[in-house]
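Notes follow the structure.
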Amino acid sequence: MKLRVLVRLKPGILDVQGAAVKRALVGLGFGELGDLRVGKVIEVELDAASPEAARARVAEMCRQLLANPILEDYTIETADDLAPRGAVR
Amino acid sequence: MKLRVLVRLKPGILDVQGAAVKRALVGLGFGELGDLRVGKVIEVELDAASPEAARARVAEMCRQLLANPILEDYTIETADDLAPRGAVR
Amino acid sequence: MKGAEPKVTVDLARDLGLTAEEYDRIVTRLGREPTWTELGLFSALWSEHCAYKHSRVYLGRLPTRGPRVLQGPGENAGAIDIGDGWAVVFKMESHNHPSFIEPFQGAATGVGGILRDIFTMGARPIAILDSLRFGDPGEAKTRHLVNGVVSGISWYGNCFGCPTVGGEIAFAPEYAGNPLVNVMCVGLVRADRLFRARAEGVGNPVFYVGNKTGRDGIHGATMASATFDEHAEARRPTVQVGDPFTEKLLLEACLEAMRTGAVVGIQDMGAAGLACCTSEMPARAGTGMEVELGRVPQRETAMTPYEILLSESQERMLLVAARGREEEVRRVFARWELDAVEIGRVTAGGELVARLEGEVVARVPVALLAEAPEYRKPVARPAWLDERLAFDPLGLPAPADWGEALLELLGSPTLASKEWAYRQYDQQVGINTLVLPGSDAAVLRVKGTRRALAVATDGNGRLVLLDPRRGAAMAVAEAARNVSCAGGLPLGLTDCMNFGSPERPEILWQFAEAVEGLAEACRVLDIPVVGGNVSFYNETSGQAILPTPVVGVVGLLEDATRYATQWFKAAGHAVALLGPDAVSLGGSEYLWTRHRRLAGRLAPLDLEAERRVQAAVRAAVTAGLVSAAHDCAEGGLAVTLAEACVTGREPLGCAVRLAGGARPDLTLFGEGPSRVVVEVEPARAAEFEALMRESAISWRWVGETGGARLRVDVGGTTLVDVPLERIEQAWRNGFERHMA
Amino acid sequence: MRFGVVVFPGTWSDCDFHYVISEVLHEPVKYVWHRERSLEGLDCVILPGGFSYGDYLRAGAVAGRSPVVEALRGFVAGGGLVLGSCNGFQILCEAGLLPGALMRNECLQYRCQSTHLVVENVDTPFTRGLRPGQVLTMPISHGEGKYHASPETLAELKGRNQVVFRYAEADGRVTKAANPNGSLENIAGIVNPEGTVLGLMPHPERASEAAMGGADGVLLFHALLGSLVEDGTFLKR
Ligand SMILES: Nc1ncnc2c1ncn2[C@@H]1O[C@H](COP(=O)(O)OP(=O)(O)O)[C@@H](O)[C@H]1O
Ligand SMILES: [Mg+2]
């Protein structure tokens, strides 16, 4: 089963990297840019009896290691969370 | 408009971070883990006339800065790409 | 799988970088057409990068022997005896091509490669130095490269845990399409515990250790042996990615395995990966090797024998163990959680036999792989040289304000402080660094002894362009002088020869002349060359880099408490200038920064005088007679004095009076070899004078330290009188200003 | 005082601490491998600098959940002293043995440089004998040293006098310019409420010999050595 974890800085914590990327993009002429934040995406494949079980295990991974609760929030997405048209490249 | 860019290492490129995280998780007892890869997620907000226009601009940002074409691929997702039930937490 | 392999033809060989003649030679010697896999082996091992086809005939000119030399060129690194049972192991390598394609990973894996060269010898790395060249910092592309390269070096070296203690960064438009990333590493080992890359002992098992193999960097060696053009993009191999943590594990595991006594020989899988190790190791020992490629730990699926042999995945080694002691090796690598897989054994046949699932995919005499053809291609002195040499810099207008001219020079990207770069490097891990980056040479103590090592790198492409022989000799002289200024006796040298395409007669002439200059300087200064590297084909669409030999010199201090740094220490001390008067604006930083000209003749280099000046400085430092010693290099005397004023923690001014010469620009900014500025406490002046007389060098008192200004009078007129804040401002922030 | 220096596979300041303790202080010291689960017989455990398990996810994240760090909890509960420097500080925060977290430097670059630290809390075994307001000079070397804590945590830290060191100017003024990594309120080092676990980003072991350009770091060790009472407990003051 494939799942994806998005780890992001909590709101209110200054995202220095995001600010730097934004500054660089504005410098390149993307003046229409509003907020920009940078986080991590962790894509995992694992054996599990059901999507729910998989999600529970991944949540456990987040609690134990993948996110630092003082700094970061996380969301877990499964294939179901993505509309079929998906993303293009 | 809100969009999100996922930047991931190209297939075949050694994912040093992913390998380390996997090793750590297996060490913590998540033996059921298969492949694990770590990438970046960049969430942007921007003014654009239409979702298509927004997507085109973000694609341009990826080409110019957000992704390193030698090492990374990217996908762009808009709110439409996400099913309404979205993610929890 | 075999069915999918391309048919081997002379055209295919050409695509892989071999010439038709070379292909013929392979067919004749093998007595048959090579297989696809075998062709891959030849293409990698007979590439310029691995085989030194165009350079070998010249490199023989370099002096490589000396009473202290334990290992000269030919191994992963050179080694020199430093007494008390210790040897210093060092080597410099280029990673120019990969760093242009992907600056961060290119530079990072460059550091990884040179570290492995050192610890395969059994030595623990104690210092890294990086010598970098880039195009015009005014261009965004250059800044991107500088940022990427410096952070790549920082990432790899810091995570691995070896301090970066010195280096250089210089800029010239000629490097725009071909930046240079040369990295040197220095290590320490007990002199009787040196390991070598030899596959001795028929029947001994061959182990693959370290990271798994992927499709990274296949044909990296071939790429490093071609110039860039508009098709470079298409030929890009998969970029190699560094893993400094695994490298640290590999270091500890290798050193631990060596301590067991079960290791017979070991080599780093660098350029041309497994192919290189499985042929070079037996070739050095007069043996052969059999390997089963199916046993090679792999990260990707369905890799072909060709790919497995030629992959340049990082952090891997090939190790020959003593038969019967396999378990000891396995146990050590298991403790460090690294793969250690027996993939073959040493044989008597003199052949490399590679199998996949038992089926032979390559069978080649190792001697043939190791014996690439040698070329002596035509050389020609460039026609344009005379015009450049004929230019007389003194025909140019003099600046209206000498102080402003000095500030402009101090803020130029090449001369400004490189703190922006080195503060990103861990400079101290290991707690050996007595002198951090920011002085002429870094000094590292050798724990467990009273001794210390001084290390520095140097190379000035502008000087070499105008006079390859003298310019290269000047690089040796300057690196050695930097080491001598710190108090070190130069013991040995490593080099990186960065040039354009040797297939062009004028480039090969530059190279041949530069080697000659290097050899001459090393002979006179008595510094053996114990290793090095040639990087040709540094050109893009016909535009070659400045010919750039970079040298790294390692010196020894008998007493780790007797070293000198370059900055003034206290007010009221006397300042002396040692060395000859002859200087020139030809090829100078002043001529470039102010007039954007690269022309003119170089100052003469008298190597005998150089030797005496260095000996005198060393003697003065060792006797504690000088409180600072600073080499006069790029920017000339005025820049040297300014640096001595502001590079210490507390800025300290000086007032200097010089005799009038042909023109003030020459006196202030002219560059010439063999000159050193020293600071002497008045109470030691008499002793110092006696020592200088004994040394038979030319020297003079020129002024004294004190105050918060730099003042220079020439021929009785005050030309420079600048507050130190302005000097600091220009010099300290110069680099960052250019990088912004 | 019996010291243990913890060694993760990617640790690199282990030998430096070992050297200072054995060659400069002449005290007994041994290495403790990261898989060790017993810390018996030790008075003070050092968590040195480095990149414990590569630290590719977050500095100290994996090490914060390692066997030896689990053992540290009991060791601390039993009154043992712990000094975490650089990566060691990051590990202590990740393990929850100290509050807060260390983030990427605000400049987004690694920083290796000399820093001045003003001492705020002298009621710990690591700082007893120092003067409040005293300025120490020690180098830093890290990419993730920006201390962060929630406003509540910060208030608690201050309320309990847990801030031990702040980055400062040479004269002790705490200024923005003296902050090398963007740390919250210039915080460079903190202790647990009991004062027995110290985490700091700077490297005392690199400033423990005059030959290395300064010996302020060794003051922490001297304080430690002086704090040990014969019954095996530690003095704070
Ligand atoms: N890339 C770099 N990495 C580390 N140290 C550097 C680097 N570039 C310059 N330095 C250091 O900055 C100081 C000045 O460098 P440079 O101007 O090249 O010295 P010199 O002219 O004496 O050879 C030296 O201590 C040198 O080691
Ligand atoms: Mg130089």
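In the text below, chain A, chain B and the rest are named by the order of the sequence lines, each starting its count at 1. Every heavy atom of this structure was used, including side-chain atoms; hydrogens, water molecules and symmetry mates were not. The shown structure was predicted, so the numbers you read here are calculated from the model rather than taken from an experiment.
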- prompt: Does A/Phe30 reach the side chain of B/Arg57, with side-chain heavy atoms less than 4.5 Å apart?
  reply: yes
field: Rounded distance (nearest 0.5 Å) linking atom CG of A/Leu25 with atom CG of B/Leu66
entry: 5.0 Å
statement: Highest number of heavy-atom pairs under 4.5 Å with chain B among A/Val7, A/Val58, A/Leu33 belongs to A/Leu33
message: I'd like to verify something: which residue of A/Glu60, A/Glu32, A/Met1 has the highest number of heavy-atom pairs under 4.5 Å with chain B?
response: A/Glu32
- prompt: Among residues 34-43 of chain A, which ones touch chain B with a heavy-atom distance under 4.5 Å?
  reply: A/Gly34, A/Asp35, A/Leu36, A/Arg37, A/Val38, A/Gly39, A/Lys40, A/Val41, A/Ile42, A/Glu43
message: Show the nearest heavy-atom pair for residues A/Leu46 and A/Met61, with the distance to one decimal.
response: CD1-CE, 3.8 Å
- request: Please lay out, stage by stage, how A/Glu77 and B/Arg4 fare under the test salt bridge (Lys or Arg N to Asp or Glu O under 4.0 Å).
  value: CA-CA 14 Å; A/Glu77 296 176 354; B/Arg4 143 169 129 183; 2.9 Å; yes
task: State, with a plain yes or no, whether a side-chain heavy atom of B/Asp15 is found less than 4.5 Å away from one of B/Arg8.
output: no
- request: Apply the test side-chain contact (heavy atoms from CB on, under 4.5 Å) to residues B/Ile13 and B/Lys10: give CA-CA distance (whole Å), side-chain angles for both, the deciding distance (0.1 Å), then the verdict.
  value: CA-CA 6 Å; B/Ile13 301 247; B/Lys10 291 189 174 180; 3.9 Å; yes
For B/Arg55 against B/Ile76, the heavy-atom pair lying closest together: NH1-O, 3.1 Å
Heavy-atom contact with chain B under 4.5 Å, split by part of A/Leu6: side chain
